Amino acid sequence: MSFRIRVLGLLMVVALAATAATAWLTLRQANRQVQETAAAGRQEVARITGELRAYGFAHGTWEGLSPTVAELARDTGQRIRVATETGSLLVDSDALSGRTPRALSGQPAVLVDARPVLSVPEGKVPRMSLKRTAIVISDYRAAVVYAACLTRAGAEVTARPGATGVPRISTDRRPSQCREPSGTADPRTQQDLDALRPCESEQPIATCLQRVFNERVGATAPPRLEIRLGFRNESPPTLATAPTVAVAVGVALAVILGALLLSRAVLHPVRAMTLAAKELGEGDLARRVPVSGRDEIAQLGGAFNRMADSLQAGEERQRRLTGDIAHELRTPLANLRGYLEALRDGVVEPTPELLASLHEEALLQQRVVDDLQDLALAEAGALTYHPVAVDLRDLLEAARTAHRAQAEAAGVRLELRAPGSVIVTADPDRLRQVVGNLVGNALRATAAGGTVTLALNVRGGPAVVEVRDTGKGISAEDLEHLFDRFWRADASRGRATGGSGLGLSIARQIVTDHRGTIEVRSAVGVGTVFTVVLPAAPDGVGGSGAG
């Protein structure tokens, strides 16, 4: 898989995971906090209304409600405004805390009714129940007035519902309290009046009893309340940040871990290539990097190894070239030196034959040096070419004429098969050098009675020149070295085979510079075929002819 695809896939997975985790956390946290806020709001409302109703149930009046409202506002954090149904304000928690009352929120008012719920038997109601209900109503009227009286007097009042739901009022006794004969108690308030008997010195209680007597026939139940909670523009509850931060940290850690794994996958082979390149630069040409996979990193490692192979092969070729040059020049130069020293010492007579041999040897060494120079220039791309329109048929004819004497001396038949003219754009001198090298090698490899053929044809566009011989051929293991410098098929490297061993290397470079190719096919005992393919010039095929 491509390294780029792996990187994109990893980043996409991380992004999707982060998005999904954030969305899930936000939705879950929002739902939970909404539920918790709603539940807390219901609990606060239930507590506020429950305590206010209990206060009205127990005290029979809303007087003295301020401490209870202040405590509720402090415990719940709510702004509480208490008013009657008629709109009469009783208490406001903002005013109690010394704050300017804030504007009310848009929430509807909550009603609080302190009146008891009458317990009526299920099914058919007997007449006695109707009578008892009327008595209960009278008792409630009296009990409520009594409770209000006690509240105004500062007594600690408690209430519990009786069997019919009417509150039974009671208060704690104090040491200073005393009893009066039960006969003096009002029968309407006999329920729990025996729990508290005012002494004659307790004027507030006496006043209360008098007020009970005077007001019990009036409307005594406390009015219903309208409770308003909160204020306008109140800040809504915010989401908790801890889980969000935790998930963000988790996603960041996942991204960091993914980045570490990715960097390890990338940097490990890069580090190996850096070390290998350093050792390669220090001369260790056998250094390679391990390659696995098929992604861009593996391709880079493969390219590095191929570069190292090329450098090593070039270095080996350079060493081999140096050795070959030394070998090619050492023996003939030693011979020249020996003959010159012998001539100088008078050991050998300077005959015309000896001088001609020495001159031929000097020319051979000059040719080797010239070939080396041509090869170096060709490989460096500095070999000079003068391209013109060249008729390959004429060029092959000239090559046959030039080598005819050599062929006749060797007893080899030299033929030309060119059915027509083929024009290419090339340097004619360099092409003659290529063809002459191939023909010379073919003549040397062909025994007397054999044939060397120069053929010309067109393969659907490019021009094809073939040099075929019926010589001894070249083995398959030697073919791959055929274009190496100073290589000869003759292992003895004797000069009987002729040539400097650079001709084919130069020929291949010249053909390559002409945007062509050179190939060889050979079979031992059958012969060898060299094929040169060159791009034909436009309209480069001429008329037919024979050679």
Side-chain angles (χ1 to χ4, degrees), residues 356 359-375 378 383-457 463-471 482-483 488 495-511 513-514 516 518 520 527-534 542 545-547:
H359 181 263
E360 182 180 356
E361 191 66 30
L363 291 178
L364 178 60
Q365 302 313 307
Q366 181 65 46
R367 191 179 69 180
V368 171
V369 173
D370 291 342
D371 287 346
L372 285 172
Q373 183 180 13
D374 288 345
L375 183 61
L383 192 62
T384 303
Y385 294 99
H386 302 284
V388 295
V390 178
D391 187 343
L392 290 180
R393 184 180 183 280
D394 294 341
L395 189 142
L396 294 180
E397 179 64 35
R400 185 179 68 165
T401 301
H403 289 83
R404 180 177 296 163
Q406 181 183 355
E408 292 176 353
V412 177
R413 187 168 60 256
L414 185 58
E415 298 179 351
L416 173 62
R417 295 182 181 177
S421 298
V422 178
I423 307 299
V424 297
T425 301
D427 187 323
D429 294 334
R430 294 301 180 186
L431 284 188
R432 276 194 294 270
Q433 183 179 357
V434 172
V435 174
N437 182 277
L438 296 178
V439 173
N441 289 342
L443 291 174
R444 284 190 293 269
T446 304
T451 303
V452 173
T453 304
L454 303 179
L456 175 64
N457 55 69
V464 179
V465 175
E466 290 185 349
V467 179
R468 300 192 292 263
D469 66 63
T470 58
L482 197 60
F483 293 96
R488 293 189 183 92
R495 294 190 177 274
T497 59
S500 63
L502 296 174
L504 289 179
S505 298
I506 297 174
R508 181 176 61 177
Q509 190 63 50
I510 291 174
V511 172
D513 291 344
H514 282 80
I518 182 170
V520 58
T528 303
V529 178
F530 282 89
T531 304
V532 178
V533 181
L534 297 172

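Computed from a predicted model, the values in this text were never measured in an experiment.
Counting heavy atoms from C-beta outward, V452 and E415 have side chains that stay 4.5 Å or more apart. Counting only heavy atoms from C-beta outward, the side chains of L504 and L438 approach each other to under 4.5 Å. Within the 4.5 Å cutoff, no side-chain heavy atoms of I518 are placed close to those of T531. In this structure the side chain of N457 never reaches within 4.5 angstrom of the side chain of P419, judged on heavy atoms. You'll find the side chain of T425 reaches within 4.5 Å of the side chain of P387, heavy atoms only. For the pair E397 and L416, the minimum side-chain heavy-atom distance is below 4.5 Å.
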- Message: Between T470 and T446, does the side-chain contact (heavy atoms from CB on, under 4.5 Å) criterion hold? Intermediate values first, please.
- Response: CA-CA 6 Å; T470 58; T446 304; 3.9 Å; yes
- Task: Quick one: do N441 and F530 satisfy side-chain contact (heavy atoms from CB on, under 4.5 Å)? Show the steps, please.
- Result: CA-CA 10 Å; N441 289 342; F530 282 89; 5.7 Å; no
- Message: Could you go through L396 and V465, starting from their C-alpha distance and side-chain angles, then the distance that decides it, and tell me whether this counts as side-chain contact (heavy atoms from CB on, under 4.5 Å)?
- Response: CA-CA 9 Å; L396 294 180; V465 175; 3.8 Å; yes
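The shortest heavy-atom contact between H514 and L534 is CB-CD2, 4.1 Å. Residues V390 and A426 share a closest heavy-atom pair of CG2-O, 3.5 Å. What you find for R468 and A455 is that their closest heavy atoms are NH1-CB, 3.6 Å. Here the closest non-hydrogen pair linking V424 and A463 is CG1-CB, 3.9 Å. Summarising the geometry of A447 relative to V412, their closest heavy-atom pair is O-CG2, 3.6 Å, with the distance given to 0.1 Å.
In terms of modelled atom types and a separation under 3.5 Å, the side chain of D391 and the main chain of S421 share no donor-acceptor contact. Side chain of H403 to main chain of L414: no donor-acceptor pair is present (N/O by atom type, distance under 3.5 Å, no hydrogens or angles).
Partner of L454 under the side-chain contact (heavy atoms from CB on, under 4.5 Å) criterion, out of L392, L395, V467: V467 alone.
The distance from the OH atom of Y385 to the CG atom of D429 is 12.0 Å, given to the nearest 0.5 Å. Distance check, rounded to the nearest 0.5 Å: CZ of R430 to CD1 of I506 gives 8.5 Å. Taking CG from L443 and CD from Q406, the interatomic distance works out to 5.0 Å, rounded to the nearest 0.5 Å.
Atom CZ of R417 sits in a sparse spot, with 12 or fewer heavy atoms from other residues, nucleotides or ligands closer than 6.0 Å.
Side-chain N/O atoms of N437 and Q433 include no donor and acceptor closer than 3.5 Å. Side-chain N/O atoms of R413 and T451 include a donor and acceptor closer than 3.5 Å.
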